[in-house]
> 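Got a structure here, written out as structure tokens. Questions coming.
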Amino acid sequence: MSAPMISLQSLSGTTVFDQLPARAKSGACASSSCGSFAKPHEMDSAVWEKIKDHPCFSEEAHHYFARMHVAVAPACNIQCNYCNRKYDCANESRPGVVSERLTPDQALRKVIGVANEVPQLSVLGIAGPGDACYDWKNTKATFERVAKEIADIKLCISTNGLALPDRVAELAEMNVDHVTITINMVDPRIGAKIYPWIFYDNRRYTGVEAATILHERQMSGLEMLTARGILTKINSVMIPGVNDEHLIEVNKWVKERGAFLHNVMPLISDPAHGTHYGLSGQRGPKAMELKALQDRLEGGAKLMRHCRQCRADAVGLLGEDRGQEFTLDRLPDKVTYDASKRETYRAVVARERGDRMAAKSEALGMVKTAGSGKSLLVAVATKGGGRINEHFGHAKEFQVYEASPKGISFVGHRKVEQYCLGGRAEDKSLDGVISTLEGVDIVLCARIGNCPEDRLKEGGIRATDAYGYDYIETAIGALYAAEFGSEPLAATA
Ligand code: CLF
Ligand code: SF4
């Protein structure tokens, strides 16, 4: 069994949160490990310091830490065929819902309001709608104001890259350690199919000429960031038939230029969004097509697989969206930053995280010694904290892990419609969940009823709540050893 449980609720919920200071400060460690942050062996300490609290730049951190976006930079200097600027920026968000546009002062009020209520908050991002580097005045004013009030918050921007080279020096001065560039091509002939026009140097360019300028500016921006030690993530939108094969080339180019992570995201295309691709019937990739491409990219620039394509006004852990709780009309007119909840949360996470790392390392040993050449695809219902702590019927997404002789890796997530709402289970939603979990061998959750368990079984997917509240890797390690080692797989349906 794993270490004594500290649930996500106990880390962040208001009721139990009040009890945490005594525990956190007592130093009484109930676990078997030292409780320090556990840095992956192969990683440089300075890099680890930068990413250990960033939910996007570290898969491990995304179990504990939250980001929030403020939509302060609405102007954009290019047109992407997957974007309708009436909605969120599709580079970093799910299109289809209009964001609340904020001034830098309103953004500051919102960030303080969220920081006082959401102890997991570690990153402030500017990620559309529009381009943070092009709409620079608003971006800069927001970052300066927030950094003055909350010194330890990480500042993060997402950009299409066209204006980036002009802003690198100021980004470095403001201690912005994390930048994302959306790069969908390195061949301007392919770029011309994605970008109808750009606006650069007071002129509008179209076709291959536009894509050539964009490409050159993106590469130069990436090289400049690398030279200054700013961690850069590359987001690429996978557009079947347009750039899917080409992203292998993109991955090579960005690796050579020092990109820290490459995040291949599926195109979201729907006629209702009014985008060129949506209206012209361009489809997005299926979950298994995305995974197949990501698998082919292994060995190149390191992949991010836990992106949730969040909204431009998202708030919370990556799998959740609490943005509606913090709209301007719900915030007090005057707010004062109170650091106490965030500080206490960090102390508890430091210990919990060390325990989980130790459990993970034990689980990896179990998988490797099972001596099988086979792999197992496992879908997990979780609310965070690295534990199996969500009921099957309440899950809005499943995190998918692959166990194989290489170890246990997070390989993506599958969004689903919640199957059980207000105590009522919807058969139609269950059909959707089963189809979304295509290819998965086993589902792990905190609770599951006989009916959905039987229906999943008919669809060729086993499910169990026998590992409820365990660490994810501990459960997967035990399952894998039971499945392919000498012990029978007694715990699964
Ligand atoms: Fe926001 Fe982007 Fe910073 Fe993260 S999101 S600006 S790097 S703080 Fe994260 Fe959201 Fe994916 Fe972006 S899950 S869409 S990768
Ligand atoms: Fe839309 Fe963002 Fe592309 Fe600009 S960069 S067109 S806001 S997706």
Side-chain angles (χ1 to χ4, degrees), residues 1-8 30-43 58-64 291 295 298 303 305-306 351-390 392 395 398-414 437 439-448 453 456 461-493:
M1 282 295 290
S2 53
M5 188 194 74
I6 300 173
S7 70
L8 184 71
S31 72
S32 54
S33 72
C34 67
S36 62
F37 288 112
K39 173 174 82 67
H41 299 304
E42 72 281 8
M43 191 172 286
S58 159
E59 189 274 317
E60 201 264 337
H62 104 282
H63 293 286
Y64 305 105
K291 182 177 180 302
D295 289 349
E298 283 296 346
L303 292 183
R305 296 202 191 216
H306 61 285
R351 190 184 61 224
E352 168 72 1
R353 196 176 201 183
D355 290 350
R356 178 167 173 254
M357 284 290 203
K360 185 174 175 178
S361 149
E362 207 174 300
L364 290 181
M366 289 173 83
V367 167
K368 285 181 180 160
T369 51
S372 154
K374 297 189 177 150
S375 71
L376 199 63
L377 212 56
V378 184
V380 178
T382 175
K383 290 179 189 174
R387 295 189 185 260
I388 302 159
N389 53 8
E390 180 64 288
F392 176 81
F398 289 87
Q399 295 191 0
V400 181
Y401 289 78
E402 188 162 38
S404 75
K406 286 191 250 166
I408 302 172
S409 331
F410 179 98
V411 292
H413 70 283
R414 311 260 180 106
L437 292 178
V440 164
D441 297 300
I442 301 175
V443 172
L444 300 178
C445 53
R447 284 293 294 276
I448 184 166
E453 188 179 326
L456 281 162
I461 303 168
R462 288 171 286 166
T464 179
D465 53 18
Y467 297 91
Y469 301 97
D470 270 5
Y471 287 122
I472 293 167
E473 286 85 359
T474 301
I476 295 175
L479 270 173
Y480 189 87
E483 182 98 349
F484 300 121
S486 53
E487 297 169 42
L489 185 59
T492 56

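No hydrogens, no waters, no symmetry mates; every other heavy atom, side chains included, goes into these values.
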> If every non-hydrogen atom of A403 is compared with every non-hydrogen atom of I476, which pair is closest and at what distance?
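Heavy-atom minimum between the residues: CB-CG2, 3.7 Å.
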> Evaluate the salt bridge (Lys or Arg N to Asp or Glu O under 4.0 Å) criterion for residues R462 and E483: first the C-alpha distance (whole Å), next the side-chain angles of each, then the deciding distance (0.1 Å), finally the verdict.
CA-CA 12 Å; R462 288 171 286 166; E483 182 98 349; 2.9 Å; yes
> So, taking the atom named OG1 in T382 and the one named CD1 in I472, what distance separates them when rounded to the nearest 0.5 Å?
4.5 Å
> Report yes or no: does R387 contribute a side-chain atom to a donor-acceptor pair with the main-chain N or O of Y469 at less than 3.5 Å?
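Confirmed, R387 side chain pairs with Y469 backbone.
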> Check whether any side-chain heavy atom of Y64 sits under 4.5 Å from a side-chain heavy atom of R356, and report yes or no.
yes
> Take T474 and Y467 through the test side chain to side chain contact (heavy atoms under 4.5 Å, CB included) and record every step on the way to the result.
CA-CA 9 Å; T474 301; Y467 297 91; over 6 Å; no
> Please test F392 against E453 for side chain to side chain contact (heavy atoms under 4.5 Å, CB included), starting from the C-alpha separation and ending with a verdict.
CA-CA 9 Å; F392 176 81; E453 188 179 326; over 6 Å; no
> Minimum heavy-atom separation for D465 and A446, please, with both atom names.
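So the minimum-distance heavy-atom pair works out to CB-O, 3.4 Å.
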> Does the plane of the ring in H306 sit parallel, tilted or perpendicular to the ring in H62? Use 30° and 60° as the thresholds.
tilted
> Taking all heavy atoms of L377 and all of V411, pick out the closest pair and write down the distance.
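That would be CD1-CG2, 4.1 Å.
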> What closest approach, in Å, do I408 and G477 show between heavy atoms, and which atom pair accounts for it?
CD1-N, 4.0 Å
> Given V443 and I448, is the side chain to side chain contact (heavy atoms under 4.5 Å, CB included) satisfied, shown in steps?
CA-CA 10 Å; V443 172; I448 184 166; 5.7 Å; no
> Enter the distance from T464:OG1 to I442:CD1 here, rounded to the nearest 0.5 Å.
8.5 Å
> Rounded to the nearest 0.5 Å, how far apart are CZ of F398 and CG of L444?
10.0 Å
> Give the minimum heavy-atom separation between V367 and G407, together with the two atoms involved.
CG1-O, 4.1 Å
> With heavy-atom distances below 4.5 Å as the criterion, would you say the side chains of R353 and H63 are in contact?
no
> Of the non-hydrogen atoms in Y480 and P405, which two are nearest, and what is the gap between them?
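Smallest heavy-atom distance, with atoms named: OH-CD, 3.7 Å.
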> Flag the pair Y471 / E352 as yes when at least one side-chain heavy-atom distance between them is below 4.5 Å, and no otherwise.
yes
> Is K291 salt-bridged to E402, cutoff N-O under 4.0 Å?
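Salt bridge present between K291 and E402.
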> Does the side chain to side chain contact (heavy atoms under 4.5 Å, CB included) test come out yes or no for E473 and L364, once each step is laid out?
CA-CA 8 Å; E473 286 85 359; L364 290 181; 5.9 Å; no
> Can you establish whether the number of heavy atoms outside E59 located under 6.0 Å from its atom CD is more than 12?
yes
